[in-house]
Amino acid sequence: MAKRADSRYTPGRRSRAWLKVKTLGRQEFVVAGYTRGGGRPAGSFGSLVLAVQEGGEWRFVGNVGTGFDEREIERLLELLRPLERSDPPFRAVPKMPRVRRSDLVWVEPKLVVEVEFNGWTHDGHLRQPSYKGLRDDKPAREVVRET
């Protein structure tokens with residue numbers, strides 16, 4: 001809550017003096033793969049599969065499928081295609097509702113992206129993530145979940 005210092009609480013009435021303010025998290029994640037197409041043009045991607053380092057292994061934290069324009073999608077695909085691999089960088093393929101395994105493309109976990117999100121779910125996945133940009137100033141192996 002944000003409140004004007006000189007305002008009084010008035011039960012049952014709304015005013016511009018008392019505002020509900022959402023706070024968002026923002027941090028970097030490593031791209032471990034992407035999903036094909038979806039509602040976007042063929043040869044594109046639907047979402048990026050995100051991970052962090054945890055105990056020397058990659059841990060799946062969710063997918064981000066919003067925040068891209070067409071130019072950014074093309075730029076990311078140019079960087080991701082040479083990194084493609086046949087198996088996931090995770091110990092086991094993570095469960096992703098509404099994503100078929102045949103639509104997953106795994107990549108070497110080298111690209112770091114910045115994502116804004118609305119918190120974490122009880123099972124450690126991102127809530128309402130939105131892509132904000134590519135990060136080239138931090139190595140992937142240093143990306144951990146921030147607390």
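Atoms considered below: every heavy atom in the structure, side chains included; atoms not considered: hydrogens, waters and symmetry mates. Keep in mind that what you see is a predicted model, and the values were worked out from it rather than measured.
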Could you grab the distance from atom [atom1] of [X] to atom [atom2] of [Y], nearest 0.5 Å is fine?
X      : Y     : atom1 : atom2 : value
Leu77  : Glu84 : CG    : CD    : 8.5 Å
Phe68  : Glu70 : CZ    : CD    : 11.0 Å
Gln128 : Leu24 : CD    : CG    : 8.5 Å
Glu146 : Arg26 : CD    : CZ    : 11.5 Å
Phe45  : Ile73 : CZ    : CD1   : 5.0 Å
Arg36  : Ser47 : CZ    : OG    : 12.5 Å

Task: Distance-only side-chain donor-acceptor flag, Tyr131 / Glu116, under 3.5 Å - done: no

Task: Side-chain donor-acceptor contact under 3.5 Å, Thr66 with Ser130 - done: no

Task: Salt-bridge criterion met for Arg135 and Asp137 (N-O under 4.0 Å) - done: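 Counted as a salt bridge, because a side-chain N and a carboxylate O are separated by less than 4.0 Å.
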
- [ ] Could you tell me whether Glu78 and Arg75 have a side-chain N and a carboxylate O separated by less than 4.0 Å?
- [x] no

Task: Stepwise side chain to side chain contact (heavy atoms under 4.5 Å, CB included) check, Lys95 with Phe60 - done: CA-CA 9 Å; Lys95 293 179 183 171; Phe60 171 72; over 6 Å; no

Is there a side-chain contact between [X] and [Y], using heavy atoms and a 4.5 Å cut-off?
X      : Y      : result
Asn118 : Lys22  : yes
Leu111 : Leu83  : yes
Leu79  : Leu134 : yes
Gln27  : Val52  : yes
Val64  : Leu50  : yes

Heavy-atom closest pair, residues [X] and [Y]:
X      : Y      : value
Glu142 : Lys138 : O-CE, 3.7 Å
Trp58  : Ala140 : CH2-O, 3.4 Å
Ser86  : Trp106 : O-CD1, 4.1 Å
Asp123 : Arg59  : O-NH1, 4.4 Å
Val93  : Pro88  : CG2-CG, 3.7 Å
Val143 : Ala51  : CG1-O, 4.5 Å

Open item on the list: Quick check with a 6.0 Å cut-off and a 45 degree axis cone: is Arg8 positioned over the face of Trp18's six-membered ring?
Closed with: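 Judged by the rule (NZ or CZ under 6.0 Å from the ring centre, within 45° of its axis), Arg8 is not positioned above Trp18.
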
Task: Residue of the set Leu80, Asp103, Leu76, Leu104 for which side chain to side chain contact (heavy atoms under 4.5 Å, CB included) holds with Tyr34 - done: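 Passing option: Leu80.
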
Open item on the list: Is it the case that the side chain of Arg4 and the backbone of Asp6 share a donor-acceptor pair, with hydrogens and angles ignored and the cut-off at 3.5 Å?
Closed with: no

Open item on the list: Quick check against the 3.5 Å criterion: does Arg127 have a side-chain atom that pairs as donor or acceptor with the backbone of Trp120?
Closed with: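 Indeed, once roles are kept as given, a pair shorter than 3.5 Å links the two residues.
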
TODO: For the pair Val49 and Met96, evaluate side chain to side chain contact (heavy atoms under 4.5 Å, CB included) and give the outcome as yes or no after the intermediate values.
DONE: CA-CA 10 Å; Val49 178; Met96 291 180 234; 4.1 Å; yes

TODO: Step by step, work out the side chain to side chain contact (heavy atoms under 4.5 Å, CB included) result for Val107 and Val31.
DONE: CA-CA 7 Å; Val107 299; Val31 179; 4.2 Å; yes

Task: Same cluster (ILVMFWY, side-chain, under 4.5 Å), Val112 and Val144 - done: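 Shared cluster, no.
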
- [ ] Could you go through the side chain to side chain contact (heavy atoms under 4.5 Å, CB included) check for Arg145 and Phe29 one step at a time?
- [x] CA-CA 8 Å; Arg145 179 176 168 174; Phe29 297 97; 6.0 Å; no

